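Heads up, the thing below is written out as structure tokens.
Only a predicted model underlies this, so the values are computations on that prediction, with no experimental measurement involved.
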Amino acid sequence: MDQTIRIVLINHSFQVKYFYTRWQKFAHEHPNLDVTLLAPDECRWYNSKTYTYGGGGSIIKGKEVEDGNFHIRLVRKKDIHGSDWYSPDFKAAFKKLQPDIIYHIGGHTQLSMIQTIFLAKKYCPKSLIIGFSMRGPHHNLHNRIIKGFSIPAIKSWLSFLNSYPRLKYVNKNVDAFFCHYPDALKAFKDEGFTKPIYMQTQVGFNKEWFHPDSKSRQEIREKYNLGDAFVFGSATRFTWDKGLDDILAALPEDGNWKYLMMGSGNESDKIRLLDTIKKRQLEDKVIMTGFVDWYDIAKYWNAIDCALHVPRTTYHWVETFSLSVVQAMATGKPIIGSDSGSVPYQIGPDGIIIKEGDISRLSEEMRWVMNHPEESKEIGNKLMTRAINSFEILHLNELFYATIIDLLNGIYDEKKVDMAKIF
């Protein structure tokens, strides 16, 4: 295509450079594009996940950016409840920009998606509407229905009846969807979406920030007085479903090792984990770093020797794409992961996968990586190669560009479905 392709992307995270950098690079890599991000003029971050990231529901104000063929425009964000929101400014933006593609990144049936579809059909009917969702099978409406006549069962049916019309509207009017991993792709099909679906994550990692770095390794190891210890590491919220309780139960009783537990939790989460640490007498082994900033986390992954990510699946939640996993992979670390959700897909065939909740096997694998440094290093190198070939933003950008060109030409190339199979 010779003419300029106008793309509008919608997501609340575009207020923050860490998250919009990928799309800035995307625009600059393809001069035939005109890329506009619609970001909230202000947004309360971490309100429901304060225990994960720190802070107290911080309000972050957006800023407009004008950088050649890359633009950020601010819109008002009106929250309804939970993650549901809309903007009274979408109408004017769509009418003015007349995009060829509108890309909504967020919940696939949330109000902002419904609003996007309605306004696009009315004011820029030639535009393609595509969406990205972090969904997993637990998001399927039918899976969330509780049988019986209890109050929770009645509430589940009311929720279903409220959400089902949205799902039908989305399935009819969205031209393509992107998701994280195979179970999510299957979930879209199970709910009746018959158009193109691609497994191409929208988060990924930036190799300018995440790569092996001996200076960062030394800095963090000196900061926490790690010496020559073998260091395990994890970065996640402190809820039970993230598997930290399993990690603490599996840690070796002896040996020259340390464990950097990055992240945070609410008070009950912290008390629960601290109680376990005390009972196992691991106070001098386990280091709770607290929240680590987006821009500092790469240093911490460099400081460790083996990453741990062993979430457990629950009725309400499953891991759909762990950013910490690909970040650790990018720094060349071996990973011990559970078979929950997206973890095996992310790690691939060369990582170490255990059955979720298998504490005995987790402990065995921890001892193995400690006692087999050369083999562990080789695993780390293979995972780094997989991360670069599958989840690095430049790879994702090239694949996304090829995919949208196909969509504009009415082509569905199944070879582009899986980001981890195209190098």
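- Annotation: H30 is in aromatic contact with F26 [ring centroid separation under 6.0 Å].
- At least one test fails for R361 against the ring of W368: distance under 6.0 Å to the centre or angle within 45° of the axis.
- Under the 3.5 Å distance criterion, with hydrogens and angles disregarded, no donor-acceptor pair is assigned to the side chains of N171 and E191.
- Take H71 and apply the ring-ring contact (aromatic ring centres under 6.0 Å, His included) test, not counting sequence neighbours, and it matches no residue.
- S234 and Y259 form a side-chain donor-acceptor contact under 3.5 Å, judged by distance and modelled atom types alone.
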Next on the checklist: Before you tell me yes or no, could you show the steps for L128 and D100 under side chain to side chain contact (heavy atoms under 4.5 Å, CB included), namely the whole-Å CA-CA distance, both residues' side-chain angles and the distance that decides it to 0.1 Å?
Outcome noted: CA-CA 6 Å; L128 285 178; D100 299 292; over 6 Å; no
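- By the 6.0 Å contact criterion, NZ on K63 is open, its count of non-hydrogen atoms from other residues, nucleotides or ligands being 12 or less.
- Between F19 and W294, the ring planes are perpendicular. Angles over 60° get that label, and only those under 30° would be called parallel.
- Ring planes of Y198 and F178: parallel class, angle under 30° (limits at 30 and 60°).
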Item to check | Derivation and outcome, side chain to side chain contact (heavy atoms under 4.5 Å, CB included), residues M329 and V325 | outcome: CA-CA 6 Å; M329 290 168 67; V325 165; 3.7 Å; yes
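- When ring centroids are compared, Y295 and Y18 come within the 6.0 Å threshold.
- Relative to the ring axis of W301, K333 does not place its NZ or CZ within 45° and under 6.0 Å from the centre.
- Scored by the side-chain contact (heavy atoms from CB on, under 4.5 Å) test, S268 finds N266 as partners (sequence neighbours excluded).
- Aromatic rings from F188 and H108 are positioned such that their centres are separated by under 6.0 Å.
- Judged by the 6.0 Å distance and 45° axis criteria, R386 is not positioned over the aromatic ring of F391.
- Inter-residue side-chain proximity for I10 and I105 is flagged as unmet; no heavy-atom pair is nearer than 4.5 Å.
- Ring planes of W85 and F90: perpendicular class, angle over 60° (limits at 30 and 60°).
- Ring-centre distance between F177 and F132: not below the 6.0 Å cut-off.
- The side-chain contact (heavy atoms from CB on, under 4.5 Å) test applied to A229 returns N256, K258, not counting sequence neighbours.
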